Amino acid sequence: MSHLVDGEPGSRHLMMGNEAIARGALEAGVSVAAGYPGTPSSEIIETLAKAAEARGLYVEWSTNEKVALEVAAAASFAGLRGLAVMKQNGVNVASDFLLHLAGSGTRGGMVLIPCDDPGALSSINEGESRHFARLVEVPLLEPGDFQEAKDMVKWAFELSEELQSLVMLRSVTRLSHASGDVTFGALPEGQPQAAFHCDGFVLDANEGAVMSAPVDYKHGQQHDKLKKAEALFETCPFNTYTGPEKPEVLVITSSACNLYSREAIKLLDVEGRVGLLKLGTTWPIPPRLVEKHLGLTDKVLIVEEVVCFLEDQVKILTAELGAQVGVKTFFGKRDGSLPMVGEMNPDHVAAALAKILGVQAESVPEEYAGRAQEAGFVGAPGRELTFCPGCPHRASFWSIHNALELDNRKGFVCGDIGCYTMGVLPAGFSTLKTVHAMGSGTGVASGFGKLGPFGLDQPVLSVCGDSTFFHSAIPALINAVHHKSDITMVLLDNSGTGMTGFQPHPGLPRDALGEDAPAIDPAEVCRAMGARVEIADPFDIETTQQVLLDLLQDRKGVKVLVLRQICALSPEKKGKKLYEMTLDQEVCVGENCGCNRLCTRIFRCPGLVWDHEKQAARLDEVICTGCGVCASICPSGAIQRREVA
Amino acid sequence: MQVFGPNELVDDVLKRDFCIGCGACVNLCPYFRSYYGKTAMLFPCTLSQGQCFAYCPKVEVDLDALSSGLLGSAYDGSPLGGVQEVLASRAGEKTGPGPFQAGGTVSALVSFALQTGRIDAAVLTDREGLIPVPRLVTEASEVATYATSKFTAAPTLAALNQGRRDGHTRMGVVGTPCQVTAVAQMRLNPLDKKDFQDGVGLVVGLFCTWAVDTRRLAALLSERVDPRGIRKMDMPPPPSELMVIDTGRGKVEIPLDEIRPLVPQGCQICPDMTSEWADVSVGVMEGTPEWNTLIVRTEKGRELVEEARQEGVLVTEAMPETNLGRLRTASLNKKKRALVRAREKGVLNTSDDGSRSALRVRDEVLKRILG
Amino acid sequence: MKNGTLTSDPYNLIIAGVGGQGNVLASRVLGGMLTGKGYHVTIGDTFGASQRGGSVMSHIRISRDASWSPQIPKGRAHMIIALEPTEALRVLADYGNPKVQVLCNTRPIYSVGVICGELAYPSLEDLEKWVRGLSEKAWFLDATNAAMKLGNPIFGNIMMIGALGGTGALPVDRQDFEAAVSRDMSPDRVQVNLAAYDMGVKMVEG
């Protein structure tokens, strides 16, 4: 990591896209960076946090994305460069402030970097953030490779200052989490000074109050900025064209799709027939530049992820230009040349181009492909997602599941985003029955809890992680308390933002920079709201189950059960066993009536393996983390635990 | 006896709402559990045959198989089942005073059996508020603590199953007819397990016309009584038509018309009023609240009663013929009602096409009972 | 082939394994070796759910003069390094071709489906037979076991990099490895990693 700060200008490094983005922010002289963890964005803030001391930055993991954008914006209002980073879904959270910020304008360079996840490689949707740029009317940039990921960040700050507008720079998983060569630029000297000038004339962009009103004036100003951006984009070096002067097919693309398109053209060996217009500025698109290229071709293929964003804009522009460019045949998502859902790859683009051009890509012999598919199907058993060995969530869901079955009133659990989303899978005993946005489990539960008068007599539960609690479950819980909604919230407190790599949150006594921070206890917050709060250790499944059953009997109002046990992967926990575990295969009853492989068939911790030969369970000592939970579920006493001194 | 597995048990009993929560399937494995008067299956089990199904008194109960297995003769449908002797009884002076209802015969016999080592533990039913709770007791002095009537279906046999796992080999079970039927099925080792031990040393059956569903009773009472304050529940003999609940602050009376709808469906297909598969069966004696009716059924039962009497633990008298007649009539009426109901529900003597019955009785016996 | 050239440009290499095996580290080290030699390297990692038992795959594109897509086109792998044997088959199904070479660690890591008895894990004989049938050349190494002798199964991935060096398929050698790991590791860690690398080289030479 040292080269991040020490790397000489002109030196070349293999960097992850997110590291390149962070380096770009350092080269731009960013002063404040804030974000909320979310794959594939998290490494940007983490990388900047590592450089914070050396470069004099302030970096924080904010409570949620809206707060992150607000914190970064404050830096801009004070004349510093501010950066906000989030996963696409975070932009939804931040969008209220985003609209205001677009209207109020900015002072120091202000950049928002959302990282989208086409194909939902680490998400439960493949929503995208580009439409927000059009929706709130701010310029949008999309780097087309790793070098640009760095360079465009720096340019984004300059553009923001030139326009006095927020600039969005969108990355995707295949840039953020991929690595490529990046040549460094120089890091700036000196520490910028902050001052907030706010006593000037109200409409003064640099001295007045910062707000989006008066609306007609400010909104008009915003459009002037967009016009200016459009003009700058016409000559922007990040918009490039490669290919013949008059291509048979013009490919218009951006972001990682640039790399796929380039590859597809080479793959088909059609460099002489296909032109590639790669746009780094995708809102607004530069009309004259696009017009020029449209005029030189009849067929246009638009390659992008995920929804039709470029495609719509290019078609609108073509309609506006009318006779000037003539009638074009468009290929892309709308005509089915490319899939509407899922991430793009070189093969999709090649298939589309091959069809348009009437050529065929060289492919693997059919006989080989058939054998390979078959061997893969038979020989590579699927790897279903599961909770880690020793994960507290497995134990928590075990108890929640069992309590609901025992309670026997068809109770259900509303969930949301975190590792515990897997509670919807067999890994979590299929306990979750709704899964939506951060904090939504509790909000949805709050609504279910008011349906009693309509005949809904099932117990209503929600689960929520500790980081999610601070992020967005608090308002939902307050709503439930205030409206006397009959719900039980189970707070799965594993002391960190487990899913994305243990970023700190307000419940922990340290911040993103590793400094001491006042920890806020979620249980106390819930008590202060007036909820009945109980605390248990999820590894103690007997007690947890009993407490939960008692809470379920308490029909009225909001109950909170805090299940506190540190994540098995957290740095403090890793490698430390609570118990030494043993499994006596002679005592194990296996498939017989009396247990029928409860531990390997149902509990399914990766540390326990079904031994076909011995017809008994076996403990994998390398994988077992010694949480001890399986000893309390084994009915035959074959699994024993001994406390580690 | 047809033995299927947990999935059939769920279909036939839990889903049909025939489960009376006796606890026979509980604590055999990690899958069936009882909570607050209801039995639940926690996770799916894939076995094609299980003890859970085999022991359940609400599915595939073959009365002939039970009778031949336990008594060595076919089931004949007589109103009181196999009987050596019917007596009037009450606890003797040696038993000491207890909170027991009626004559204290059950407490007297069970504590005596514990003291004399006939049994190594007693499987009894306690009550926490309105919730019946199984108890495994090893001290004779504790027996009387749990001696009050419950009137709600109880998972008592969960304690028997647990006791067997814990190594008890001759437990004394005090149970209602459904529970006694389940114990009878256990004793026949229906899965032909090697080295099988039923763990049962004595079965004391209780008379029962019906019980009520715990949760529904709790719901009914929730606005009238604080369940934690309940000291005693009683149903005085006809014509009172009341359930009387002693809360310590006075008595609350609930008309039986309000209670009867709370009787689970499973009770309505039960043909047994007097716990016919027990060693001895005990009930109230009509018109004489301080005495019990005691049916001595087996040799083991006879020896116990005889010795208890000699030691002054139990006092017996001959049963007046009028009482005996009324007992037979009541018992026969329960049989009739149950068999008619079971037939209506399509769970009596289903054909051999693979469909499962709750109850199997030979046709000629059925005709005899229904008259 | 110390100063040799690439047999194909781009040269497409896939490192496949299971979460926790050090897939990403291995791809980073190899990338560092090649960047040190002036090659353009692009690595596409798929590791979103890796900590939770999922498959992990790194696509490594190596070129003298250009950057390539972080996703290799289907059927276009030149070399597959499988840190787990069934992962070799999973990758071959999508990216294999008759010319592909495979370096395969033979230590299985069972998936949850296998652990719980719902899915069958193939025999090593079958795995070897299938992999050989789908590749021009294949090496099978018990790298995890050898790594445990060095004190930690995680060295298995470095051993596989050593084995790659030993095959001569890429213009990199021990010096490049030493240079790459020296940048980020303390000297004693460099030594044990070098030992792992050397063991890997021997495994394919022997």
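All heavy atoms count here, side chains included; hydrogens, waters and symmetry mates do not. We name chains A, B, ... by the order of the sequence lines, and we start the count at 1 in each one. Given the structure is predicted, the values throughout are model-derived calculations rather than measurements.
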Please classify the contact of [X] with chain A as side chain, backbone, both or neither, using a heavy-atom distance under 4.5 Å.
X      : value
C:V114 : side chain
C:L127 : side chain
C:A88  : neither
C:D126 : neither
C:I60  : neither

Atom CD of C:E136: over 12 foreign heavy atoms under 6.0 Å: yes

Within 6.0 angstrom of C:R189 CZ, more than 12 heavy atoms from elsewhere: no

Smallest separation among heavy atoms of [X] and [Y], with atom names:
X      : Y      : value
A:D347 : C:P73  : OD2-CA, 3.5 Å
A:V364 : C:G75  : CG2-CA, 3.6 Å
A:A372 : C:A93  : O-CB, 3.5 Å
A:M15  : C:R28  : C-NH2, 4.3 Å
A:R12  : C:T35  : NH2-O, 4.2 Å
A:R604 : C:C116 : NH2-SG, 3.0 Å

Name the option with the most non-hydrogen atom pairs under 4.5 Å to chain A; the candidates are [options].
options                      : answer
C:V41, C:T42, C:V112         : C:V41
C:S123, C:S27, C:P70, C:S58  : C:P70
C:I109, C:I43, C:L89, C:L119 : C:I43

Do [X] and [Y] have side-chain heavy atoms sitting under 4.5 Å apart?
X      : Y      : answer
C:W130 : A:V378 : yes
A:Y368 : C:L92  : yes
C:T86  : A:P381 : yes
A:R174 : C:H59  : no
A:P606 : C:I115 : yes

Of the backbone (N, CA, C, O) and the side chain (C-beta and beyond), which part of [X] lies under 4.5 Å from a heavy atom of chain C, both, or neither?
X      : result
A:I602 : neither
A:P426 : neither
A:C599 : neither

Criterion side-chain contact (heavy atoms from CB on, under 4.5 Å) on A:R383 and C:R90, from CA distance to verdict: CA-CA 11 Å; A:R383 294 198 185 271; C:R90 207 186 306 282; 3.6 Å; yes

Distance, nearest 0.5 Å, that separates CG of A:L121 from CG of C:D45: 11.5 Å

Main-chain N/O of C:S69 paired to A:R262 side chain as donor or acceptor, under 3.5 Å: no

Go through [options] and name the one with the most non-hydrogen pairs under 4.5 angstrom from chain C.
options                        : result
A:Y260, A:F603, A:W610         : A:Y260
A:R618, A:R371, A:E374         : A:R371
A:P346, A:A427, A:A369, A:A350 : A:P346

Steps toward side-chain contact (heavy atoms from CB on, under 4.5 Å) verdict (A:L259, C:W68): CA-CA 6 Å; A:L259 299 169; C:W68 291 83; over 6 Å; no

Verdict with supporting geometry, C:R76 and A:E263, salt bridge (charged side-chain N to carboxylate O under 4.0 Å, His left out): CA-CA 12 Å; C:R76 303 274 173 163; A:E263 180 115 27; over 6 Å; no

